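I have placed the structure first, in the form of structure tokens, so that the comments after it can refer back to it.
Chain letters run A, B, ... following the sequence lines, proteins first, then strands; residues in each count from 1. Just so it is clear, the structure is predicted and the values come from calculations on it, not from any experiment.
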Amino acid sequence: MPEGHTIHRLARDLASTLGTEPLQVTSPQGRFADGAADLDGRSLVQADAWGKHLFLDFDGPRLHVHLGLIGKFRRPRGDGPIPDSVRLRIENGDTAWHLTGPQTCRLVEPGEVSEITDKLGPDPLRRGARPDRFVEALARRRAPIAAALLDQNIIAGIGNVYRAEFLFIEGIDPVTPAANLRPDQALALWDLAKAQLRQGVRLNRIVTVSADDAGSPPGRLRRADALYVYKREGRPCRRCATEITIGQVGGRSCWWCPSCQS
DNA sequence: ATAATATGGTGAT
DNA sequence: TCACCCTATTATC
């Protein structure tokens with residue numbers, strides 16, 4: 001679930017559903033009991049996403065949430081029992097949200113927010129993001145481009161799915177040293193990231209396959225048809241039918257087409 | 001039942 | 001480069 005698009009969509013959905021009225025905040029699991037007590041009865045005045053970081057401003061206290069690999073922030077359907085795993089529950093009259101398995105859920109001082117965001121690379125989903133900083137950061141790196149795209153200090157919000165998909169779409173070999181990319185290739189990656197992450201926010205899921213390649217609009221694609229290479233090792237490339245390859249790049253599995261990406 | 005896996009990141013070795 | 005954290009779902013005995 002969580003790459004940058006997820007967090008930006010969450011910021012939007014939390015703000016629109018929770019409004020600005022006082023909220024009930026609890027920690028059914030108990031591991032955020034003190035923080036929840038501080039937030040209880042306050043209202044949400046702003047929800048802001050920076051890459052994969054989410055900051056919720058409760059009119060004073062600020063909550064920092066990072067979902068990590070398995071965290072989820074979702075609206076429980078119906079009104080069954082509240083699972084023991086819910087770290088944070090926020091509710092108003094009509095809406096409830098459950099946060100489970102987050103890597104981070106803690107109150108921070110206002111200064112800590114900028115401390116965190118200052119270290120992040122540009123986030124293509126934020127207004128005023130600086131693509132030139134992304135391009136310059138790549139030019140300084142000898143690490144493989146596939147590793148650089150996962151580095152949140154270089155570009156914020158890309159995860160393991162998008163990095164593989166972007167490199168396929170741009171026809172770039174994942175192990176190419178970042179500094180070896182031409183400036184136009186680096187800029188193309190930025191523009192692609194911006195367009196794809198925006199679409200991810202809109203659809204609330206990752207769909208990278210183009211309407212041309214899929215033969216149907218992106219929103220209607222089945223899960224299995226939504227991606228070009230991610231987790232498709234051994235299967236034929238959608239463009240050239242060569243077998244998709246898997247390898248470790250930057251400590252994570254990466255997938256690519258050895259023919260389209262060289 | 002138990003294990004493996006996951007769109008992430010940190011801290012120790 | 002590894003071990004580890006957190007939870008839910010799927011795969012394998």
Do A/Phe166 and A/Trp190 share a hydrophobic cluster, counting only Ile, Leu, Val, Met, Phe, Trp and Tyr and linking them when any side-chain heavy atoms are less than 4.5 Å apart?
yes
Distance test, side-chain N/O of A/His66 to OP1/OP2 of B/dG8, below 4.0 Å:
no
So, A/Asp48 and A/Arg126, do they make that salt bridge, N to O below 4.0 Å?
yes
Rounded distance in Å - CD (A/Glu3) to P (B/dA6):
14 Å
With clusters defined by side-chain heavy atoms of hydrophobic residues (ILVMFWY) lying less than 4.5 Å apart, directly or transitively, does A/Leu149 cluster with A/Trp256?
no
Between B/dT10 and C/dA8, how far apart are the C1' atoms? Round to whole Å, please.
22 Å
Between B/dG8 atom C1' and A/Leu10 atom CG, what is the distance in whole Å?
15 Å
Does the distance from a Lys or Arg side-chain N to an Asp or Glu carboxylate O, for A/Arg141 and A/Asp151, drop under 4.0 Å?
yes
A/Gln248 atom CD is separated from C/dC2 atom C1', nearest whole Å, by 13 Å
Would you say a side-chain N or O of A/Tyr162 is under 4.0 Å from OP1 or OP2 of B/dT7?
no
Between atom CG in A/Asp151 and atom P in B/dT7, what is the gap in whole Å?
17 Å
Can you measure A/Ile154 atom CD1 to B/dG9 atom P for me and round it to whole angstrom units?
13 Å
Detail all sub-3.5 Å separations between protein N/O atoms and N/O atoms belonging to nucleotides 7-10 of chain C.
residue : atom : partner : partner atom : Å
C/dT7   : OP1  : A/Gln29 : NE2          : 2.5
C/dA8   : OP1  : A/Ser85 : OG           : 3.1
C/dA8   : OP2  : A/Ser85 : OG           : 3.4

Sorted by position of nearest nucleotide on DNA chain B, 5' first, the leading residue of A/Gln152 and A/Ser253 is A/Ser253
Would you be so kind as to tabulate the donor-acceptor pairs closer than 3.5 Å made by side chains of residues 19-26 of chain A, with sequence neighbours excluded?
none

Over how many whole Å does the gap from A/Ile158 atom CD1 to B/dG9 atom C1' extend?
16 Å
Considering only atom P, compute the distance from C/dT9 to B/dG9 and round it to an integer number of Å.
22 Å
Under 3.5 Å, is there a donor-acceptor pair between the A/His98 and A/Arg74 side chains?
no
Return the value, rounded to whole Å, for the distance between atom NE2 of A/His53 and atom P of B/dG8.
12 Å
Using only side-chain N and O atoms of A/Lys52, determine if any of them is under 4.0 Å from OP1 or OP2 of B/dG9.
yes
For A/Arg252 and B/dG9, is the shortest distance between a side-chain N/O and OP1 or OP2 below 4.0 Å?
no
Please give, in whole Å, the distance from C/dC5 P to A/Leu99 CG?
19 Å
Please state the C1' separation for the pair C/dT1 and B/dT7 - nearest whole angstrom.
22 Å
Are A/Leu227 and A/Phe168 close enough that some pair of their side-chain heavy atoms sits under 4.5 Å apart?
no
